[in-house]
Amino acid sequence: MAGVAGVAGLAAGAGLAGCTPAPEKATPVAATGDEAVSGAAYEAAATYTCDICICGAGNSGLSAAVEAAQQGLGVVVLEKHGGTGGGGIGTEGVFAVNSQMQQDANISIKPAEIISCEMEYSHNRANGLKWLDLVQASGENIAWLQECGVNFTGVVDDYHGGMFQTFHWFGENRAHDDFSPAMTETARSLGVEFLLNCPAVELVMDNGAVAGVWAQKLNGDYVLVKARAVVLATGGFANNDEYLQEGGFSDTTNVKRFLYGYDGDGVRMALEAGGASNVPRMSGLMQLTVQGAPGGEYGTFGRGDGLVVAGHNPCAIWINEDGQRFCAESAGIENWMADMIPSLAHHKLYSIYDAKIFKDAYDGMIMPRIDWAATQEELAQRIEENPYDDFFSADTLEELAKKASDALGLDYDTVIASINGYNEMCEAGDDAHFGKPKEYLQKIANPPYYFCYMPQACMVTFGGIRTNRKMEVVTKAGEAIPGLYSAGVDSADLWPNIYTINVPGGTNANNINSGRFASKNAAVYIGSGKAGAVSSEGDTSPSVAEPTWKMPEGSLKDGTYTDTQFGMFSDIAVTVTVAGGKIAEIKQENELETTYVGQAAMEQTLIPAVIEAQTVAIDTVTGATRTSQGFLTAVAKCCEQAVA
């Protein structure tokens, strides 16, 4: 769907593989004024002094860092993970209007068309001035990215059916290869200092103005970054249940996540500094999904999967935790981000459909993950194994309702009444309850029948921190907090309450533009008093994780050993061959891991490193942390089998 590529990273942010997580943040001692700046809140193992500190090294943070350095500022970037790129490494391109590429392709779009479309869709809740700023700067942003070494194919289109030809494609391997490395190299060449595995934990305030940031290394040591300006670009709060609940999620116990480590750090720090919350206006890349493999959970971000798509087909029936139908299931026809919205008012969503609806859903996918025969095999496997007791099939609707009701604690009479009542409305051609268009009133009458639980899923959130047009964080009274800025999805308020996906590449364009805007305005705020460089003192050694696993005592027995662990998107099946008492060969198979990040991390980096070191306790930075951890855990289990 249009616009998804502007935000849909298919892998986690970079990090150290097989290592301990960051320690818990200690409770700080309250400090203000000179005491706060001097570092009395924590004991600083190292102190950096700069003009501006960027919290986060994703697409917005990298853009902010490069722009700040080009403005002549001394820049420190704090990054929670072990490498740059963050959740944006899977983005496929960028939105722009009036770029040179579009002019060369004779593509002409009036900026007002974009803005009016988005404003109308949001019922004028979106920030029109920020849309105006984004659209007006977008063409020049493309030229700027090219100057920074970012690779584009030169193709501009509507990204699989968007409303406008605004999508500027990166190369085949997306931002992972074509954006993040170039922007990181450019930043470093301009003197930007990156502190990896060193997340920001607390803002330093001095008489109401920002004076720096406290960060924490993986070994627990605190780092003080003294700075006159700070940009929060931490990637949103998809992993923070409290903020998701405040934003409207009703089933956070079971919500499925696609990335990890996006805990709302930036939002928390902004609120602690007196900033106003925009969390209730959040939107994001969200969907209904299916639990677990095969084919579910992560199946429709990037490539379509029948087990997921069938459940939110407009011809299905949706019922809630009380067994009652509660909306027109065609909610997502124009925008599949709208599919999940009705479920926010209910604790559970169950989808009921038949064999015809399933096949129609498969045939309607733009990019099926696997062919129809394989999809049928997966469906049969999912129903037979049913590991979550949430997916059922039967040849009669009565049997289906009985199976599901017994397993899920639903009232059978209510469930079957909802199904029969819906079928009667289909026969009459009139949805008398919710007004679903007649073309989607397809009687559930083609066995076998299916019933599945579809939990809410969240890949990334948009919004949370309220900012003004300068990207300054503001209080509830609308007053700017001096020196504090936010960029990227932390503060994106172009899509309040629902992501429209009308404008292809819009989210990534906002990431880049808001990062640049924040740094440009910070440079004006800092003025002529800028240092233009970074200085440091104390223990400035890199933040390195301690391995948590050791090779078991005893020699490895020759043979072949296998183990399966869950990675970022699917199960990873690992086979370790031991010969001559050593690890001689490692092979892996997976269902959904991305070729350009997950598989590349395993096959090009991790496998050679493990074989060379003869242990999984390696300090190898990879591009897909959950994938790499799943892989290394599987290798470790194989080694344990070989010693047992």
Side-chain angles (χ1 to χ4, degrees), residues 25 28-42 44 47-57 60-61 64-65 67-69 71 73-79 192-193 195 198-216 222-234 264-278 464-488 490-491 514-515 517-532 534-535:
K25 182 170 73 74
V29 177
T32 59
D34 291 339
E35 183 186 21
V37 179
S38 68
Y42 302 101
T47 300
Y48 293 79
T49 302
C50 61
D51 294 308
I52 187 170
C53 181
I54 316 294
C55 301
S60 56
E67 181 63 47
Q71 293 288 332
L73 303 180
V75 186
V76 170
V77 177
L78 299 171
E79 169 56 42
V192 174
E193 183 91 25
L195 305 184
C198 193
V201 295
E202 196 88 20
L203 291 173
V204 178
M205 304 299 294
D206 184 7
N207 296 319
V210 167
V213 186
W214 283 101
Q216 191 174 24
Y222 284 96
V223 173
L224 174 62
V225 181
K226 296 180 180 180
R228 291 186 59 192
V230 171
V231 179
L232 301 172
T234 62
D265 298 331
V267 177
R268 173 184 55 78
M269 288 188 287
L271 298 185
E272 289 172 351
S277 170
N278 258 355
I465 302 172
R466 190 178 302 175
T467 59
N468 61 20
R469 196 174 181 181
K470 295 180 180 180
M471 301 301 161
E472 295 172 307
V473 176
V474 299
T475 66
K476 292 180 180 179
E479 298 173 348
I481 298 174
L484 185 57
Y485 302 81
S486 180
D490 274 347
S491 52
S514 61
F517 261 50
S519 289
K520 287 178 180 179
N521 286 300
V524 173
Y525 167 76
I526 293 170
S528 60
K530 62 188 177 185
V534 178
S535 62

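- Minimum interatomic distance between Ala273 and Met205 (heavy atoms only, all atoms of both residues): CB-SD, 4.0 Å.
- For the pair Tyr525 and Pro482, the tightest heavy-atom approach, listed with the atom from each and the gap, is OH-CB, 3.6 Å.
- The nearest pair of heavy atoms linking Lys476 to Ala276 is N-CB, 3.6 Å.
- At distances below 3.5 Å, not a single donor-acceptor pair connects side-chain atoms of Lys470 with backbone N or O atoms of Ala480.
- Checked by atom type and distance alone, the side chain of Ser486 pairs as donor or acceptor with a backbone atom of Leu232 at under 3.5 Å.
- Side chain of Glu67 to backbone of Ser519: no donor-acceptor contact under 3.5 angstrom is found.
- The two residues Val231 and Ala487 have their closest heavy-atom pair at CG1-CB, 4.0 Å.
- Evaluated for a side-chain contact (heavy atoms from CB on, under 4.5 Å) with Cys50, the options Val225, Val77, Leu73, Val75 yield exactly one hit, Val225.
- Side-chain atoms of Arg466 do not come within 3.5 Å of backbone N or O of Gly478 as any donor-acceptor pair.
- Interatomic distance, Leu271 CG to Asn278 CG, rounded to the nearest 0.5 Å: 10.0 Å.
- Separating the CG atom in Asn468 from the CD atom in Glu479 is a distance of 11.5 Å, to the nearest 0.5 Å.
- Between Asn521 atom CG and Thr467 atom OG1 the span is 11.0 Å, to the nearest 0.5 Å.
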- Could you go through the side chain to side chain contact (heavy atoms under 4.5 Å, CB included) check for Ile52 and Tyr485 one step at a time? CA-CA 10 Å; Ile52 187 170; Tyr485 302 81; 5.8 Å; no
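- Contact annotation: the side chain of Glu272 approaches that of Glu202 to within less than 4.5 Å [non-hydrogen atoms, C-beta and beyond].
- Put simply, the residue from Ile54, Leu78, Val76 that forms a side-chain contact (heavy atoms from CB on, under 4.5 Å) with Val213 is Leu78.
- Looking at every heavy atom in both residues, Cys55 comes nearest to Ala200 through SG-CB, 3.7 Å.
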- Task: Report the C-alpha distance between Val204 and Trp214 in whole Å, list the side-chain angles of each, state the deciding distance to 0.1 Å, and finish with yes or no for side chain to side chain contact (heavy atoms under 4.5 Å, CB included).
- Result: CA-CA 7 Å; Val204 178; Trp214 283 101; 3.5 Å; yes
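- Taking SG from Cys53 and NZ from Lys226, the interatomic distance works out to 14.0 Å, rounded to the nearest 0.5 Å.
- Summarising the geometry, atom OG1 belonging to Thr234 is positioned 6.0 Å from atom CE belonging to Met269; distances are rounded to the nearest 0.5 Å.
- Val192 and Ala65 get closest at one heavy-atom pair: CG2-O, 3.9 Å.
- Taking CG of Leu203 as the reference point, atom CG of Leu484 lies at 5.5 Å (rounded to 0.5 Å).
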